[in-house]
Enquirer: 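Sharing a structure with you now.
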Amino acid sequence: MAALSVEARLRESSGTMNGEPRCCGCCCGMATGLKWYLGVFLVLSILGILSFVPNFGNTGYLFVMDEAVDEANKYCAGDVKYLTIEEVLGLDRGQDTCPQACKCDGKPCDFDDLSTLWEAEAGFGFALLVLTILTYAVAFTGALQESPALLKPFVYIMPALMGLGLITGILAAVADTTIWKAWVMYDPPDDWKCSLIYEPFYFALCCAEFESDFNRLIVASIAIGWTVYVVSWVFVASQVFEVRVFLAH
């Protein structure tokens, strides 16, 4: 009985559960690092929800798409959220809106139709984010409990989710950005309030400068998005590697 008692105490002090070692040697440091690694990315994934907050995140339009379409249509109908030069002076310039924001292949844009791909892109991205959060939550729980059963799915699910992330990038690349031009111009920054300009030449110049600035923002946004995607792959690959190494020990 005394021998069994000593063995039980040794088993307990070595961090075993049901007679199976939970952590030994170099594995202890690896387990701690894995917990922190997965925990940090779980928090970052949860913070990713902020990108879907309307008027804050870059994909916040998912939940205000009807409003975006409505305001884009209002702009192209000559209605903006500020006083135009015609309303101030009672004059008629003959054109109230920038054609770059309202014409698609020379015809008035159908913003309901243009919004479809953007809704699909943002909706699919949101679904992937929710699945990513759940995957990290399960893996983090597995790391805390040192449970292979909870850690193993991470090795296969996260690369699959990252691969599916390509779909959002493709949808954003083929979607027409004209709807965002019209939406922005409904209530634009001061530099883009072209409807305050009466002279047709300077009005056209303002519209051209707006389009140029807007396109640069779109290119920068796409570049940042793909950079984040590539960097995320690097981190996910390292996480999968660490989980595999931990499971092997």
Side-chain angles (χ1 to χ4, degrees), residues 33-69 111 113-144 148-181 183-184 214-247:
L34 187 60
K35 292 170 189 174
W36 277 102
Y37 204 179
L38 294 177
V40 167
F41 274 82
L42 172 59
V43 172
L44 291 176
S45 298
I46 293 173
L47 291 176
I49 294 175
L50 293 175
S51 67
F52 292 91
V53 175
N55 301 318
F56 179 81
N58 61 339
T59 45
Y61 51 81
L62 173 63
F63 301 107
V64 292
M65 186 60 77
D66 289 340
E67 176 186 340
V69 170
F111 293 124
D113 183 54
L114 295 184
S115 68
T116 302
L117 277 180
W118 289 109
E119 284 185 302
E121 179 263 342
F124 191 72
F126 186 75
L128 287 180
L129 177 61
V130 171
L131 291 175
T132 298
I133 292 171
L134 292 176
T135 302
Y136 272 117
V138 172
F140 180 60
T141 302
L144 290 176
L150 293 177
L151 282 169
K152 280 181 181 178
F154 181 87
V155 172
Y156 305 101
I157 294 176
M158 272 311 299
L161 292 176
M162 289 297 298
L164 290 173
L166 276 173
I167 295 177
T168 60
I170 294 172
L171 289 174
V174 300
D176 195 319
T177 60
T178 308
I179 183 175
W180 305 129
K181 295 177 183 177
W183 189 29
V184 168
F214 186 89
N215 288 340
R216 279 197 294 269
L217 288 175
I218 291 295
V219 170
S221 177
I222 292 173
I224 291 172
W226 282 109
T227 301
V228 170
Y229 180 73
V230 172
V231 171
S232 296
W233 256 116
V234 173
F235 281 112
V236 168
S238 68
Q239 291 161 9
V240 168
F241 176 76
E242 285 203 25
V243 170
R244 283 184 177 276
V245 171
F246 180 77
L247 292 173

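Positions are given from 1, in the same order as the sequence printed here.
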Enquirer: Can you name the closest pair of heavy atoms from Pro159 and Val240 and give their distance?
Expert: CG-CG2, 4.0 Å

Enquirer: Between Leu42 and Ile133, which heavy-atom pair has the shortest distance, and what is it?
Expert: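 Taking every non-hydrogen atom into account, CD1-O, 3.6 Å.
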
Enquirer: Using 0.5 Å steps for rounding, measure from the OG1 atom of Thr116 to the CG atom of Leu171.
Expert: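 Interatomic distance, Thr116 OG1 to Leu171 CG, rounded to 0.5 Å: 11.5 Å.
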
Enquirer: Going by the angle between their ring planes, with limits at 30° and 60°, are Phe63 and Phe52 parallel, tilted or perpendicular?
Expert: perpendicular

Enquirer: Tell me whether the centres of the aromatic rings in Phe246 and Tyr37 are closer together than 6.0 Å.
Expert: no

Enquirer: Shortest non-hydrogen contact from Met65 to Ser115?
Expert: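 Heavy atoms of Met65 and Ser115 come nearest at SD-CB, 3.5 Å.
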
Enquirer: Quick check for you: to the nearest 0.5 Å, what is the distance between Leu247 atom CG and Phe154 atom CZ?
Expert: 11.0 Å

Enquirer: Using every non-hydrogen atom in the two residues, find where Ala175 and Trp118 come nearest and quote the distance to one decimal.
Expert: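 Taking Ala175 first and Trp118 second, the nearest heavy atoms are CB-CE2, 3.4 Å.
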
Enquirer: Using 0.5 Å steps for rounding, measure from the CH2 atom of Trp180 to the CG atom of Leu114.
Expert: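 Trp180 CH2 to Leu114 CG: 10.0 Å, rounded to 0.5 Å.
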
Enquirer: Are more than 12 heavy atoms, taken from residues, nucleotides or ligands other than Phe241, located less than 6.0 Å from that residue's CZ atom?
Expert: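 It does not: Phe241 CZ has 12 such atoms or fewer within range.
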
Enquirer: Can you confirm whether Phe124 is buried at CZ, in the sense that more than 12 heavy atoms of other residues, nucleotides or ligands lie under 6.0 Å from that atom?
Expert: yes

Enquirer: Would Phe41 and Met158 count as a side chain to side chain contact (heavy atoms under 4.5 Å, CB included) if you check the C-alpha gap in whole Å, the side-chain angles of each, and the deciding distance to 0.1 Å?
Expert: CA-CA 12 Å; Phe41 274 82; Met158 272 311 299; over 6 Å; no

Enquirer: To the closest 0.5 Å, what do you measure between CG (Asn215) and NZ (Lys181)?
Expert: 4.5 Å

Enquirer: Flag yes if more than 12 heavy atoms outside Trp36 fall under 6.0 Å of its CH2 atom; otherwise flag no.
Expert: no

Enquirer: What distance do Leu117 atom CG and Ile170 atom CD1 have between them, rounded to the nearest 0.5 Å?
Expert: 12.0 Å

Enquirer: Just how far is it from atom CG of Leu134 to atom OG of Ser45, taken to the nearest 0.5 Å?
Expert: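 One finds 10.5 Å between CG of Leu134 and OG of Ser45.
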
Enquirer: How far apart are the closest heavy atoms of Trp183 and Glu67, and which atoms are they?
Expert: NE1-O, 4.4 Å

Enquirer: Should Leu38 and Leu151 be marked as a side chain to side chain contact (heavy atoms under 4.5 Å, CB included) after you check the CA-CA gap, both sets of side-chain angles, and the distance that decides it?
Expert: CA-CA 11 Å; Leu38 294 177; Leu151 282 169; 4.1 Å; yes

Enquirer: Indicate the atoms forming the closest heavy-atom contact of Met162 with Ser232, along with that distance.
Expert: CE-CB, 3.6 Å

Enquirer: Please check: side-chain N/O of Thr141 versus main-chain N/O of Ala137, any donor-acceptor pairing under 3.5 Å?
Expert: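 At least one qualifying donor-acceptor pair exists.
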
Enquirer: Can you list everything that forms a side-chain hydrogen bond (donor to acceptor under 3.5 Å, both in side chains) with Tyr229? Sequence neighbours excluded, please.
Expert: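 With neighbours one apart ignored, the set is Trp233.
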
Enquirer: Could you list the residues that satisfy side-chain hydrogen bond (donor to acceptor under 3.5 Å, both in side chains) with Asp176, not counting sequence neighbours?
Expert: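 In terms of side-chain hydrogen bond (donor to acceptor under 3.5 Å, both in side chains), with neighbours along the sequence ignored, Asp176 is linked to Thr178.
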
Enquirer: Under a 4.5 Å cut-off applied to non-hydrogen side-chain atoms, are Leu164 and Leu131 in contact?
Expert: no

